[in-house]
Visitor: 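Take this structure first; my questions come after.
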Amino acid sequence: MAGVREDLAAFTAEMFEAFTRADQHRWGQAYVRGLLLDGRRKSVEPMAARLGEDGNRQALAHFVTTSPWDPAHVRARLAWRMQAELKPTALIIDDTGFLKDGDASACVSRQYTGTAGKVTNCQVGVSLHLATDHASAAVDWRLFLPKPWDPASDKADPLKVARRQRCGIPADLGHVEKWQLALDMIDETRSWGVHVPLAVADAGYGDTAAFRLGVNERGMNYVVGISTTLSAQPGSARPLTPPYSGTGRPPVARYPDPAKSVKTLAVEAGRGAARPVSWREGSRPGRGRTGCRRMYSRFVALRIRPAGREIRDRADGAELPECWLLAEWPAKEPEPVQFWLCDLPADTPLTTLVRLAKLRWRVEHDYREMKQALGLAHFEGRTFNGWHHHVTLVALAHAFCTLRRLARAPKETAPA
């Protein structure tokens, strides 16, 4: 840490430029330094024990929990810096769970999280990352508020509603679906002047037509995971208008055949439609440029027309918009194992579709680093603002590590 302390001080001074008080600069830098120091636990007390002259537990706790600084101002500066450094090709949206034993922390509820792979007692945070093939950075966050915490919901829990004030949850904040939080973060980053033309997300977002339409309304394209049951027409399908009988209301154009699931469309295309694609180097030893084995699989790419009432209502005329269906079909599997929708142009190469669909691994990499090394899930405070302060400071620590790696790496082989 001694070798990078000067660089860290310059970085945090840039990120905390909006702070008006010297003590906020001091304890903000100390908190980020505490996250970067060795040690298994990154909550306030063990960090204070490792920080030496800056190991004031009370000051660190006050800074992260109750000090009146706006995390959005810090995130905007982080986004500006990382946009300039990374030149991102995509925004990646995802969410992660923060497992909790008790029920006193803001927005804790029994809910599903991929962190545990089941419904459990946890908080869920939604994050937005700037990403390229070689690096990524979380630049915006939202703490998901489940329906039991919303007094206006029919599922409101009186005990949780009663805790809102103690947790510092804004009075006007209600339940908002994760996909809408994602769109809100896209809007916020755009308000900062960060414009990235592509959104990447998993099926938790991609299955929701309103999310895909919202991305389009913002002038962006998407590559999103989808479940096997999402319905669509083949790209070659065209709506037909039945002949008019001369009585009653004239018939309207419609597709002659019912929509099929994307899995059915991919299976009907057949195993022979799958093409081999290699998209990046993994972590296992191999013959790749960096000494690692390249990731490889087989993929089917089809032009389809997603169906559903929301899509039909927004369509210009009877014809549904066309987009890509990408399905991963490994050679040893009897059927495809993963599916994506993408609205990039029809002449987009298969290798590009695969590379962008697989780009979501960057978020998994970010979460792993932030949780295992930087204490993302170690915040022990119970307040809404404290949670947002902590995850923002962890994002700064992670971005600092990313910038250090990029500075050391040759441009053509920037590390993952």
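Remember, predicted model here, so these are calculated numbers, not experimental data.
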Visitor: Please test Asn216 against Tyr222 for side-chain hydrogen bond (donor to acceptor under 3.5 Å, both in side chains), starting from the C-alpha separation and ending with a verdict.
Guide: CA-CA 8 Å; Asn216 287 158; Tyr222 60 77; 4.7 Å; no

Visitor: Given Val262, which of Thr229, Val267, Leu325 fulfils the side-chain contact (heavy atoms from CB on, under 4.5 Å) condition?
Guide: Leu325

Visitor: Other residues, nucleotides and ligands only: do more than 12 of their heavy atoms fall within 6.0 Å of CG on Asp313?
Guide: yes

Visitor: Less than 4.0 Å between a side-chain N and a carboxylate O, is that true for Arg41 and Glu380?
Guide: yes

Visitor: For a 4.5 angstrom cut-off between non-hydrogen side-chain atoms, does Val124 reach Phe98?
Guide: no

Visitor: If you look at every heavy atom in Phe379 and Val64, which pair is closest and at what distance?
Guide: CE1-CG1, 4.1 Å

Visitor: Could you walk me through whether Trp279 and Tyr296 pass the ring pair (Phe, Tyr, Trp, His ring centres under 6.0 Å) test, one step at a time?
Guide: CA-CA 7 Å; Trp279 63 93; Tyr296 166 90; 8.1 Å; no

Visitor: Would one find more than 12 heavy atoms of other residues, nucleotides or ligands at under 6.0 Å from atom CZ of Arg254?
Guide: no

Visitor: Would you say the side-chain atoms of Arg305 pair up with the backbone N or O of Pro321, donor to acceptor, closer than 3.5 Å?
Guide: no

Visitor: Is there a donor-acceptor contact under 3.5 Å from the side chain of Thr132 to the main chain of Ala135?
Guide: yes

Visitor: Determine, step by step, whether Ser109 and Lys147 satisfy the side-chain hydrogen bond (donor to acceptor under 3.5 Å, both in side chains) criterion, reporting the C-alpha distance in whole Å, the side-chain angles of both residues, the deciding distance to 0.1 Å, and the verdict.
Guide: CA-CA 9 Å; Ser109 189; Lys147 289 182 178 180; over 6 Å; no

Visitor: Quick one, Lys263 with Glu268, criterion salt bridge (charged side-chain N to carboxylate O under 4.0 Å, His left out). Give me CA distance, side-chain angles, the key distance, then yes/no.
Guide: CA-CA 9 Å; Lys263 180 178 178 180; Glu268 287 179 350; over 6 Å; no

Visitor: When you measure from the side chain of Arg163 to the backbone of Asp103, do you find a donor-acceptor pair of N or O atoms at a distance under 3.5 Å?
Guide: yes

Visitor: Whether the side chain of Arg164 engages the backbone of Leu173 through a donor-acceptor N/O pair (distance < 3.5 Å, no angle test) should be reported.
Guide: yes

Visitor: With side chain to side chain contact (heavy atoms under 4.5 Å, CB included) as the criterion, how do Thr120 and Thr113 come out once you've worked through the C-alpha distance, each side chain's angles and the decisive distance to 0.1 Å?
Guide: CA-CA 7 Å; Thr120 189; Thr113 172; 3.8 Å; yes

Visitor: Quick check: do Pro170 and Phe384 have side-chain heavy atoms less than 4.5 Å from each other?
Guide: yes

Visitor: Should Ser231 and Ser261 count as side-chain neighbours, where that means a heavy-atom distance under 4.5 Å?
Guide: no

Visitor: State, without any angle test, whether Asp140 and Thr189 hold a side-chain donor-acceptor pair at a distance under 3.5 Å.
Guide: no

Visitor: Using a 3.5 Å distance criterion without hydrogens, assess whether the side chain of Arg271 forms a donor-acceptor pair with backbone atoms of Ala331.
Guide: yes

Visitor: Side-chain contact, heavy-atom cut-off 4.5 Å: Pro330 with Arg298?
Guide: no

Visitor: Evaluate side-chain hydrogen bond (donor to acceptor under 3.5 Å, both in side chains) for Thr392 paired with Arg75, printing each intermediate quantity in order.
Guide: CA-CA 7 Å; Thr392 300; Arg75 294 171 189 167; 2.8 Å; yes

Visitor: Using a 3.5 Å distance criterion without hydrogens, assess whether the side chain of Arg382 forms a donor-acceptor pair with backbone atoms of Cys167.
Guide: no

Visitor: Evaluate the criterion salt bridge (charged side-chain N to carboxylate O under 4.0 Å, His left out) for residue pair Arg355 and Asp133; output intermediate values, then yes/no.
Guide: CA-CA 8 Å; Arg355 180 177 60 81; Asp133 291 326; 3.1 Å; yes

Visitor: If every non-hydrogen atom of Leu265 is compared with every non-hydrogen atom of Ala232, which pair is closest and at what distance?
Guide: CD1-O, 3.8 Å

Visitor: Between Tyr367 and His129, is the ring pair (Phe, Tyr, Trp, His ring centres under 6.0 Å) condition met? List the steps.
Guide: CA-CA 11 Å; Tyr367 286 158; His129 305 239; 5.6 Å; yes

Visitor: Looking only at non-hydrogen atoms, find the nearest pair between His398 and Ser136 and report the distance.
Guide: CE1-O, 3.6 Å

Visitor: So which heavy atom on Val196 is nearest to which on Thr89, and how close?
Guide: CG1-C, 3.7 Å

Visitor: Passes side chain to side chain contact (heavy atoms under 4.5 Å, CB included), Ile186 versus Leu91? Steps please.
Guide: CA-CA 8 Å; Ile186 291 175; Leu91 299 177; 4.1 Å; yes

Visitor: Validate the cation-pi geometry between Arg280 and Trp361: distance from NZ or CZ to the six-membered ring centre under 6.0 Å, angle to the ring axis within 45°.
Guide: yes

Visitor: Tell me whether Arg303 forms a cation-pi arrangement with Trp324, defined as NZ or CZ under 6.0 Å from the six-membered ring centre and within 45 degrees of its axis.
Guide: yes

Visitor: Go through the steps for Arg314 and Glu217 under the test salt bridge (charged side-chain N to carboxylate O under 4.0 Å, His left out), then give the verdict.
Guide: CA-CA 11 Å; Arg314 300 283 190 93; Glu217 289 170 354; 2.5 Å; yes

Visitor: Answer yes or no: is there a side-chain heavy-atom contact under 4.5 Å between Leu396 and Leu78?
Guide: yes

Visitor: Can Glu328 and Lys358 be counted as an ion pair, charged N to O under 4.0 angstrom?
Guide: yes

Visitor: Taking all heavy atoms of Val108 and all of Gly102, pick out the closest pair and write down the distance.
Guide: CG1-O, 3.6 Å

Visitor: Does atom NE2 of His175 have more than 12 heavy-atom neighbours from other groups under 6.0 Å away?
Guide: yes

Visitor: Between Arg360 and Glu364, does any side-chain N to carboxylate O distance fall below 4.0 Å?
Guide: yes

Visitor: Determine yes or no for a side-chain-to-main-chain donor-acceptor pair under 3.5 angstrom, with Gln123 supplying the side chain and Lys100 the backbone.
Guide: no

Visitor: Given side chains that start at C-beta, do those of Leu403 and Arg81 come closer than 4.5 Å, heavy atoms only?
Guide: yes

Visitor: Please confirm whether the backbone N or O of Phe16 pairs with a side-chain atom of Arg77, one donor and one acceptor, at under 3.5 Å?
Guide: no

Visitor: Quick check: are there more than 12 heavy atoms from other residues, nucleotides or ligands sitting under 6.0 Å from NZ of Lys260?
Guide: no

Visitor: Go through Gln24 and Ser67 one step at a time and tell me if the side-chain hydrogen bond (donor to acceptor under 3.5 Å, both in side chains) criterion holds.
Guide: CA-CA 8 Å; Gln24 289 178 323; Ser67 183; 3.1 Å; yes

Visitor: Do Asp184 and Arg142 meet the salt-bridge criterion of a basic N to acidic O distance under 4.0 Å?
Guide: no

Visitor: Checking Glu45 against Arg50 for the salt bridge (charged side-chain N to carboxylate O under 4.0 Å, His left out) test, could you report, in this order, the C-alpha distance in whole Å, the side-chain angles of both residues, the deciding distance, and whether it holds?
Guide: CA-CA 9 Å; Glu45 190 164 345; Arg50 292 189 287 265; over 6 Å; no

Visitor: Between Tyr31 and Lys42, is there a cation-pi geometry (under 6.0 Å to ring centre, at most 45° from the normal)?
Guide: no

Visitor: Using a 3.5 Å distance criterion without hydrogens, assess whether the side chain of Gln233 forms a donor-acceptor pair with backbone atoms of Asp257.
Guide: yes

Visitor: Main chain of His62, side chain of Thr65: is a donor-acceptor contact present, judged purely on distance under 3.5 Å?
Guide: no

Visitor: What's the verdict on ring pair (Phe, Tyr, Trp, His ring centres under 6.0 Å) for Trp27 and Phe19, showing C-alpha distance, side-chain angles and the deciding distance?
Guide: CA-CA 11 Å; Trp27 299 116; Phe19 289 177; over 10 Å; no

Visitor: Can you list the steps and then say if His388 with Trp141 is a ring pair (Phe, Tyr, Trp, His ring centres under 6.0 Å)?
Guide: CA-CA 7 Å; His388 280 91; Trp141 293 85; 8.9 Å; no

Visitor: Where do Asp207 and Ser227 come nearest, in terms of heavy atoms and distance?
Guide: OD1-N, 2.8 Å

Visitor: What is the ring orientation for Phe63 with His389, classed by angle as parallel under 30°, tilted 30 to 60°, or perpendicular over 60°?
Guide: parallel

